[in-house]
Amino acid sequence: MRYAEIERAGSVTRLLRLGNCDFEFDAASELFSPSRPTRLEVIREALSDVFSGTTADVVRAVVPGDQLVMFQTRVGRDAGPAERNRQIALETRVLAGEDADGDLFPAGGAGDDHESSVPVHVAHAGTHMAERVMQVGAVFGDVTFQMIPRSTAVHQAMYAVQARTGWETSLVVGAFDGSTEYQFMVDGDRKGDVVHAVTHPMDRLYFALEALSAWNINPADVARVVLHGDRVDGPLIDAMNDVWGTRAVLANPGPAVRLEEGRLEASFGFEAFLATVGAAIL
């Protein structure tokens, strides 16, 4: 489990703590698998210890993309909130089936001004998983506790970083145990995202190219390929370098929280914290 805590003072964001919490069991399965959990209390106790004394107003839990039903739809530009929500709920029921009573996380995308509809990126958390995450979050008492899709947290972090370093056409690739997440950004706007259950470096590369093809993007037009997640390794970097060369880089969420260069050791693996930092600054 990775965590980050930030403090805001006006327009200044300061990183208070950043780290990992290891468990002797598969904590992700406890939260996300269909089987009955047995160690949620251990996770609750760990959170209580890590954040003892925190004065945070909001705590957010990042939910992996492969645990969500994710899709992109379009909603009429003039649609009101009720009409928009009805459409999204209907499409979610079609895709999620019996588990459609969970939590919805729609996020608006950028559309062209001349179009009559706008894109919406939707993530849906199933009921059993949402209940477990919220049960763990109850350890924070009256503090607001929220779930957030990893794709949304990643976009938030990338937006904050590029707002300080400059806007770039970026393919953001998240490498995790059991899955790879892809997101395409132009001028800070999320144009597409998708998740694939692939883990081999060459498969991660293949589906990166497939995602770009599906979004009608020429790989040569990608200014930066940003690698993040806890499974970014030498073979994956080499595979990405074969196509994009020096344009393939490790994610550095530091500018999002004004972290000075050199504050963290090179071996720390800061690229694994992109979503964590994004959730904290949302």
Pairs flagged by salt bridge (charged side-chain N to carboxylate O under 4.0 Å, His left out) wherever residues 232-247 is involved - sequence neighbours left out = none

key: Connected via hydrophobic side-chain network under 4.5 Å: Met134 and Met1   = yes

ask   = Restricting to pairs with a member in residues 37-46, which pass side chain to side chain donor-acceptor pair (under 3.5 Å), not counting sequence neighbours?
value = Glu41-Arg44

query = Using a side-chain heavy atom cutoff under 4.5 Å and only I, L, V, M, F, W and Y, what cluster partners does Trp167 have?
reply = Tyr159

Enumerate donor-acceptor pairs with a distance under 3.5 Å from any side-chain N or O in residues 174-183 to protein atoms, sequence neighbours excluded.
unit_1, atom_1, unit_2, atom_2, d
Thr180, OG1, Val198, O, 2.8
Thr180, OG1, Arg204, NH1, 2.7
Glu181, OE1, Arg150, NE, 3.4
Glu181, OE2, Gly65, N, 2.9
Glu181, OE2, Arg150, NE, 2.9
Glu181, OE2, Arg150, NH2, 2.7
Tyr182, OH, Arg204, O, 2.7
Gln183, NE2, Ser151, O, 3.1

ask   = Which ring-ring contact (aromatic ring centres under 6.0 Å, His included) pairs, counting each pair once, include a residue from residues 231-253, with sequence neighbours left out?
value = none

Name every donor-acceptor pair, under 3.5 Å, that has one atom in a side chain of residues 261-281 and the other anywhere in the protein, sequence neighbours excluded.
unit_1, atom_1, unit_2, atom_2, d
Arg263, NH1, Glu260, OE1, 2.9

ask   = Among all residues two or more places apart in sequence or in another chain, which pass the ring-ring contact (aromatic ring centres under 6.0 Å, His included) test with Tyr206?
value = none

request  = Quick one: which residue pairs count as a side chain to side chain donor-acceptor pair (under 3.5 Å) with a foot in residues 212-222, not counting sequence neighbours?
outcome  = none

task = With sequence neighbours left out, write down each residue that passes side-chain hydrogen bond (donor to acceptor under 3.5 Å, both in side chains) with Arg231, or none if nothing qualifies.
result = none

Qualifying ring-ring contact (aromatic ring centres under 6.0 Å, His included) pairs with a residue from residues 29-50, counting only residues at least two apart or across chains = none

inquiry  = Under the salt bridge (charged side-chain N to carboxylate O under 4.0 Å, His left out) definition, can you give me all pairs with a residue in residues 129-141, not counting sequence neighbours?
reply    = none

remark   = Residues at least two apart in sequence or cross-chain that pass ring-ring contact (aromatic ring centres under 6.0 Å, His included) with Phe207, listed by chain then number, are His196

